[in-house]
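Since the structure comes first, as structure tokens, the remarks are kept for the end.
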Amino acid sequence: MSTRVGSGRPRRPGQSQRGRPTRPHSGRPDTSARPSLSAPAAKKREPVVVELPQTMTVKELAEALNLGSGQVIKELISRGLMMTINQTVDFATASDIASAFNVQVRAKALDASEGVIAAEIEEEENLRPRPPVVTILGHVDHGKTSLLDAIRQTNVTAQEAGGITQHIGAYQVEINDQKITFLDTPGHEAFTAMRARGAQVTDVAVLVVAADDGVQPQTLEAISHAKAAGVPLVVAINKVDKPDANVERVKQQLAEAGVVVHDWGGDVEAVEVSARRKTGIQDLLETILLVAELKGLKANPNRPAVGTVIEAQLDKTRGPTATVLIENGTLNVGDYVAVGSVYGRVRAMFNDRGKRLKKAEPAMPVEILGLSEVPHAGDRLHAAPTEQAARLFAQRHAQQMAAETQTVARPMSLEEMFKTDGHAKNLNIILKADVQGSLEPIQVSLERLSTDEVTIKVIHQATGNVTESDVLLAQASEGIIVGFNVRVEPGAKRAAEQAGVDVRLYNIIYDAVEDVRKALVGMLEPKFVEVQEGRAEVRQTFGRNGEVAGCMVLEGKIVRNAIARAMRDGKVIAEGRIESLRRFKEDAREVAAGYECGIVLSGNVRLQVGDVINTFRKEKVAGDVPL
């Protein structure tokens, strides 16, 4: 027998299921009904306002909202955030969760002491001498790595030599009871990249020049980067033991590059060394200490630590690790730290030989464990009094970085350089040209434009295309790049776009000089840039003179009437427009990548199999959009 709901008797109009009279339907909600779960929200009362900090754990958020942790976690999951009760949420996320439960929130005002991290300014009586921090720069194959190894080995005793368990990108050596910290960076690009991120960690730069090879392009770049950073140089003339070594020729080349050593009447110390034979190493270390002594390097060891991340990585067994150079104060195991946008508590510290440390003093490089995530190279480390303070400081840093990204904090462009207060004090220029003979006249012409209000300075000049190293230097020095008869390498183009570095390319010297002159008086017009649309390769030619090209479109799309440039063996052979574009004997407006087409360039250009046709469109841009 089946079971039916109710008695089965028909109801009369106006009668409920239980036989009670019902009210006629008026089209309005029945306010006499039993209160629903959402009834409290319908009552007129002052909304609940809860104060929340900038960051908090899921558990703390649940307690502040007077909810169960499970409710909050469920709401987070519904928003695509898989989190546990011990994970941290920011104020924006917490505010969204609170609104879902009809709770209004506002940011909690900080107490005067909350989240405070020691100031950078130090009283003179608290300062003590600290070891210098040294970076080694120079041309590839001139012996930078060999010299670092020689310095390190001469400061490791025989019984310790086999005990070096790891290499953390920085290490200390000791000479005459004084310490020197060396940063083992890949070269001047890394040196300047850290400076571009605001990390000025180097006190002295050692320029390595091979006695048998002399000054090379990367040597000149290293000099420019060190000068732009305002770091004193010590020249290490390496490989003096080679038969074809010519020390005097190296000194002459250095003088021509603007680095005049003492022997030639200048103020730069030069030391002759042989990394292979390990000779002159002691003299080099003593010279570094002498130069550092003149700088009067000091720090306060009796304050919370401040430092800079040299490198960081995720270790499969130990978690996030970071090599940090302590610049001021003392870092202890157990300290809470904020490192850029991450935070944590120092669980362990190691020196470059893998030895566990309990504390790290100024100018000491250490590897630390215990961070919540992997920080970025160049991030600043600050020791904090509490975990809450460290977390808050890291959150503030993340918000600041997000705000800077939104406002596009970037180096000035040529147009913007003179818009702020009518003038700029300095305009730094990185100059690149196709041949050496073009550099000097362009430099002289540009620097002649300097006035009492504005100083135009070419801080680096070299031949060849614009490279990522040039972009890094421009970013660090807040300068612009001027290129003459050169192109921008793909990696450099991406780096310039990301950093907002103004790159300007010219074919006529007068145009470059005139643009800078116009910028000085605020009359620089917007520029045009070429944006590549398509690339096609010639697979076959037709016609009497090969003016009709059967092509395969490799990238983008080929559009009729587009600006075109024909290339052969990497060189431009013709420029014009796509005069005719056909597909299967039919006129086509455009042909996409992966399809064949027939192309005729304006001017009856004779093409050959293997030629490449690039098409462009010109866009008018105002300001700092790089070429």
Check whether more than 12 heavy atoms from other residues, nucleotides or ligands sit under 6.0 Å from atom [atom1] of [X], and answer yes or no.
X      : atom1 : result
Asn465 : CG    : yes
Glu293 : CD    : no
Asp244 : CG    : yes
Arg277 : CZ    : no
Gln216 : CD    : yes
Lys295 : NZ    : yes

Please give me the minimum heavy-atom distance between [X] and [Y], naming the atom from each residue.
X      : Y      : answer
Leu473 : Ser224 : CD2-CB, 4.2 Å
Val486 : Ala433 : CG1-C, 3.5 Å
Arg347 : Gly370 : NE-CA, 3.7 Å
Gln172 : Arg353 : O-NH2, 4.1 Å
Gly334 : Arg345 : O-NE, 2.7 Å
Lys359 : Asn332 : CB-OD1, 3.4 Å

State which residue, out of [options], fulfils the side-chain contact (heavy atoms from CB on, under 4.5 Å) condition with [X].
X      : options                : answer
Val259 : Val215, Val268, Val209 : Val268
Gln313 : Val374, Thr323, Thr321 : Thr321
Phe182 : Asp352, Ile136, Thr135 : Ile136
Val204 : Val291, Leu289, Leu297 : Val291

Should [X] and [Y] count as side-chain neighbours, where that means a heavy-atom distance under 4.5 Å?
X      : Y      : value
Glu286 : Ile288 : no
His382 : Phe393 : yes
Asp434 : Phe484 : yes
Val134 : Leu183 : no
Leu381 : Val306 : no
Leu284 : Ile151 : yes
Leu431 : Gln443 : yes
Val261 : Asp267 : no

What is the distance from atom [atom1] of [X] to atom [atom2] of [Y], rounded to the nearest 0.5 Å?
X      : Y      : atom1 : atom2 : answer
Ile237 : Arg249 : CD1   : CZ    : 11.0 Å
Asn428 : Ile480 : CG    : CD1   : 9.5 Å
Gln475 : Gln498 : CD    : CD    : 9.5 Å
Gln218 : Asp141 : CD    : CG    : 9.0 Å

Pair Asn238, His142 - check side-chain hydrogen bond (donor to acceptor under 3.5 Å, both in side chains), show working. CA-CA 7 Å; Asn238 192 23; His142 276 201; over 6 Å; no
From CA spacing to verdict: side-chain contact (heavy atoms from CB on, under 4.5 Å), Leu207, Leu254: CA-CA 11 Å; Leu207 179 68; Leu254 286 170; 4.0 Å; yes
Would you find a donor on one side and an acceptor on the other, under 3.5 Å apart, between the side chain of [X] and the backbone of [Y]?
X      : Y      : result
Asp315 : Gly319 : no
Asn176 : Gln178 : no
Thr308 : Leu325 : no
Thr181 : Ala363 : yes
Glu497 : Ala492 : no
Arg128 : Glu125 : yes
Asp335 : Ala383 : no
Thr330 : Pro301 : yes

Decide side-chain hydrogen bond (donor to acceptor under 3.5 Å, both in side chains) for Thr287 and Glu269; before the verdict, give the C-alpha distance in whole Å, the side-chain angles of both, and the deciding distance to 0.1 Å. CA-CA 7 Å; Thr287 302; Glu269 297 285 350; 5.3 Å; no
Quick one, Asp502 with Ile481, criterion side-chain contact (heavy atoms from CB on, under 4.5 Å). Give me CA distance, side-chain angles, the key distance, then yes/no. CA-CA 6 Å; Asp502 193 5; Ile481 299 174; over 6 Å; no
Whether Arg152 engages the ring of Tyr171 as a cation-pi pair (distance to the six-membered ring centre under 6.0 angstrom, angle to the ring normal within 45°) should be assessed.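 Judged by the rule, Arg152 and Tyr171 form a cation-pi pair.
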Distance-only side-chain donor-acceptor flag, Asp149 / Ser146, under 3.5 Å: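 No pair is found: no donor N or O on one side chain lies under 3.5 Å from an acceptor on the other.
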Applying ring-ring contact (aromatic ring centres under 6.0 Å, His included), which residue pairs with at least one partner in residues 305-342 are found, sequence neighbours left out? none
Could you check whether [X] pairs with [Y] (Lys NZ or Arg NE/NH1/NH2 to Asp/Glu carboxylate O, under 4.0 Å)?
X      : Y      : answer
Lys251 : Asp263 : yes
Glu367 : Arg356 : no
Glu361 : Lys179 : no

Tell me, with the steps shown, if Ile429 and Ile459 meet side-chain contact (heavy atoms from CB on, under 4.5 Å). CA-CA 6 Å; Ile429 294 177; Ile459 61 173; over 6 Å; no
Does His460 have any ring pair (Phe, Tyr, Trp, His ring centres under 6.0 Å) partners at least two apart in sequence or in another chain, and if so, which?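 Listed in chain order: nothing, the list is empty.
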With Arg276 via side chain to side chain donor-acceptor pair (under 3.5 Å) - residues at least two apart: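 Arg276 satisfies side chain to side chain donor-acceptor pair (under 3.5 Å) with Asp241 only.
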Output, in order, the C-alpha distance, side-chain angles, deciding distance and verdict of side-chain hydrogen bond (donor to acceptor under 3.5 Å, both in side chains) for Asp515 and Tyr506. CA-CA 10 Å; Asp515 268 9; Tyr506 301 93; 2.7 Å; yes
Start with the C-alpha gap between Glu489 and Thr467, add the side-chain angles, then the distance that decides, and say whether side-chain hydrogen bond (donor to acceptor under 3.5 Å, both in side chains) holds. CA-CA 6 Å; Glu489 293 182 358; Thr467 65; 5.6 Å; no
Walk me through whether Ile281 and Leu147 qualify under side-chain contact (heavy atoms from CB on, under 4.5 Å). CA-CA 8 Å; Ile281 304 299; Leu147 183 59; 3.6 Å; yes
